[in-house]
K.L.:
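Starting off with a structure, shown below.
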Amino acid sequence: MSSPFDPSRHSSLRAQAEVLDGEDSLRHLRDEFHIPSKADIKRQTLGQEDRSNASHTDETATCTYLCGNSLGLQPKRTATRIQQYLGTWATQGVQGHFKPLKDSPLPTWLDADARAAKLMAPIVGADESEVAVMQTLTANLHLLMSAFYHPDPNGRHKVILERTAFPSDHFAVLSQIRHHGLSPETSMVTIESPFAEDPVISTYDIQSLISKHAADTALILLPGIQYYTGQLFDIPTITAYAHKHGIFIIWDLAHAVGNVPLSLHDWDVDAAVWCTYKYLNGGPGCIGGAFVNSRNSLVTTTLTDEQPERGYGNRLSGWWGNDKGTRFAMETRFHPVKGAAGFQLSNPSILDITSVSASLEVFELAGGMVPIREKSKKITAFLEHCLSTMSEEAKKLFRTITPSDPEQRGAQLSLMLADGLLHPTRKAFEDHGIVVDERKPNVIRVAPAPLYNSFQDCVAFVEGFEQALLAARKSV
Ligand SMILES: Cc1ncc(COP(=O)(O)O)c(C=O)c1O
């Protein structure tokens, strides 16, 4: 049995991590990011002066940031691209909308959404015409539900979602049901794991519930990766099952996008929404994304005023969804852009879109999602291995609730702590220079993001976690 605080265990892990870091073909990308230092995460000030003097390449000074599932770190090139955008605005004013600048890598503001969609499309496995970079996740969810959820009180009216869905999804569904004059009591169906101690929901459980409510379900909303447990759902199988029963399905990909490879087009997904501030490193509250399968966004410009729905469906519309050719003609007849872009409402924040596009450049440097997933599997398995070497005393104080099968998870392990340990453990993390995310009542989520985390980060976390846990146990 291993004893608490056994430094020899950790030095062996450190040696393994050094070898793995040396072999890591994405290792150079860590340098593309600002990694906060241990001093940064403790300070109560911006600390700009200290920061300009500090060496950010000193690995011992950087904190252990394993929180990319909540907020991804800032790519260094974000500031460069934003400066270029600000320069355009400063020197060109309104001309920035239309006038390309010879020495700028940025598109005109009129084309910024199209370029962002082009960069985003390979991340989600879609044709660029099926992707729109717009609004925010919950707003996009409402927009898609307004277009594709048309309940019939005497026919298909139910929405199936998880019982423990992210609250914003839950609220969005509740409000849509009420907006259509229906009651959540009869129109909302929730799914949960049949086992109280194991929150993972099997594909079989989901299929059984779909079968049970198949005749009167209009819509299913599920997460690609469940935010709390880190479970990766079988998107193609569940999508096919929903279609077999004539049900439209929307995926919330907040935790899946930029984390696991997606093939939304080939999986025949109907529609999906996501945010860009987690694994996509767009920055807090940055602009979101939406996928609309090309078969669900067919438009005709020959619509008549009498039958507008035949032209562009019942979507909510705004001028940025209007064809670029006539957008500035100021006509009041809507000519939607073909594809997902036709679901846009307003001109997008160029500040946001520049930020997310800068980050997507790093995904291009990485060679796309395949090498990212390869490292993700290795580093998550290594984190799991490090946890397994902890002392028996410490291991009794938590359990991993994320599936152990690498095919059923991304780069996140959710650790459920014994009662009362969350608060003191979290406080101790700051002393150890560790940043992870906590979800009350008992879970910490640890996410080794392949673009910037190292295998040595996993060892640093487990060292600090073990000490924090054992100290926390004494304090309760
Ligand atoms: C799974 C999931 N869905 C929805 C949201 C809400 O996102 P937004 O605030 O961008 O609408 C989040 C935010 O973290 C999330 O994690």
Side-chain angles (χ1 to χ4, degrees), residues 66-73 116 120 123-124 131-146 159-176 188 190-192 199-201 206 219-233 235 238 249-260 262 264 269 271-291 316 343-346 348-349 351-353 355-356 359 401-402 409-414 435-440 443-447 449:
L66 293 161
C67 207
N69 60 312
S70 180
L71 182 72
L73 287 179
M120 189 72 84
I123 308 274
V124 295
V131 173
V133 177
M134 63 183 205
Q135 309 290 340
T136 50
L137 191 158
T138 310
N140 287 336
L141 190 52
H142 274 298
L143 288 176
L144 294 187
M145 284 198 278
S146 85
V159 182
I160 297 178
L161 73 165
E162 306 159 88
R163 194 183 65 74
T164 52
F166 192 87
S168 203
D169 292 14
H170 187 95
F171 301 151
V173 169
L174 272 185
S175 59
Q176 284 282 334
M188 186 158 158
T190 57
I191 176 162
E192 63 186 315
V200 166
I201 308 175
I206 295 171
L219 180 74
I220 300 171
L221 170 63
L222 286 174
I225 288 186
Q226 216 283 346
Y227 78 97
Y228 191 76
T229 63
Q231 179 190 0
L232 169 60
F233 285 78
I235 300 174
I238 297 167
I249 179 160
I250 299 179
W251 290 92
D252 172 346
L253 301 177
H255 291 264
V257 70
N259 181 4
V260 291
L262 299 163
L264 300 185
V269 162
V273 290
W274 58 91
C275 53
T276 60
Y277 40 79
K278 299 178 186 294
Y279 296 94
L280 291 186
N281 313 313
C286 193
I287 196 162
F291 166 88
L316 298 176
F343 287 75
Q344 295 178 99
L345 300 182
S346 307
S349 157
L351 193 57
D352 271 35
I353 225 162
S355 182
V356 73
S359 172
I401 58 169
T402 304
R409 68 185 186 199
Q412 174 189 330
L413 293 181
S414 297
V435 181
V436 289
D437 162 276
E438 64 163 30
R439 288 290 133 161
K440 290 187 172 105
V443 164
I444 58 169
R445 302 182 299 174
V446 188

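Below, all heavy atoms of this structure are taken into account, side chains as well, without hydrogens, waters or symmetry copies. Order of appearance sets the numbers: ligands from 1, and atoms from 1 within every ligand. Since the structure is predicted, the reported quantities are computational estimates derived from the model, not experimental observations.
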K.L.:
Under 4.0 Å from a heavy atom of Asp252: give me the atoms of ligand 1 that qualify, with their elements.
P.N.:
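It comes down to these atoms of ligand 1: 1 (C), 2 (C), 3 (N), 4 (C).
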
K.L.:
Working to the nearest 0.5 angstrom, can you tell me the gap between Leu161 CG and Leu221 CG?
P.N.:
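Taking CG in Leu161 and CG in Leu221, the distance rounds to 6.0 Å.
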
K.L.:
Quick test: of every protein heavy atom, which one is nearest to atom 14 (O) of ligand 1, and how far off is it to 0.1 Å?
P.N.:
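Protein heavy atom at minimum distance: Lys278 NZ, 3.1 Å.
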
K.L.:
Pull out every atom of ligand 1 sitting under 4.0 Å from any heavy atom of Asp169, numbered as shown with elements.
P.N.:
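The list of qualifying atoms is 3 (N), 4 (C).
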
K.L.:
Consider every N or O of Tyr227 and every N or O of ligand 1, then say whether any pair is closer than 3.5 Å.
P.N.:
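By distance alone, the answer is no.
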
K.L.:
Got a donor-acceptor contact below 3.5 angstrom from the Asp252 side chain to the Gly224 backbone?
P.N.:
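Such a contact is absent between Asp252 side chain and Gly224 backbone.
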
K.L.:
Report yes or no: does Ser355 contribute a side-chain atom to a donor-acceptor pair with the main-chain N or O of Gly282 at less than 3.5 Å?
P.N.:
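Here the side-chain-to-backbone pair exists.
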
K.L.:
Tell me which protein heavy atom sits closest to atom 16 (O) of ligand 1, plus the residue, atom name and distance to 0.1 Å.
P.N.:
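For atom 16 (O) of ligand 1, the nearest protein heavy atom is His255 NE2, 3.0 Å.
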
K.L.:
Show which atoms of ligand 1 fall inside a sub-4.0 Å distance from at least one heavy-atom site of Ala254.
P.N.:
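Going through ligand 1 atom by atom, the ones under 4.0 Å from Ala254 are 1 (C), 2 (C), 15 (C), 16 (O).
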
K.L.:
How close do Ile353 and Ala116 get, heavy atom to heavy atom, and via which atoms?
P.N.:
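Smallest interatomic distance, heavy atoms only, reads CG1-CB, 3.9 Å.
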
K.L.:
Could you name the option among Tyr277, Phe166, Tyr228 that has the heavy atom nearest to atom 7 (O) of ligand 1?
P.N.:
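Result: the heavy atom closest to atom 7 (O) of ligand 1 is in Tyr277.
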
K.L.:
For the residue pair Tyr227 and Pro167, what are the closest heavy atoms and their distance?
P.N.:
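So the minimum-distance heavy-atom pair works out to OH-CD, 4.3 Å.
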
K.L.:
As a test of understanding, state which of Asp437, Leu73, Ile444 forms a side-chain contact (heavy atoms from CB on, under 4.5 Å) with Cys67.
P.N.:
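With Cys67 as partner, side-chain contact (heavy atoms from CB on, under 4.5 Å) holds for just one option, Asp437.
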
K.L.:
Could an N or O of ligand 1 be found under 3.5 Å from any N or O of Thr138, whether backbone or side chain?
P.N.:
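Yes; the residue has a nitrogen or oxygen that sits under 3.5 Å from a nitrogen or oxygen of the ligand.
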
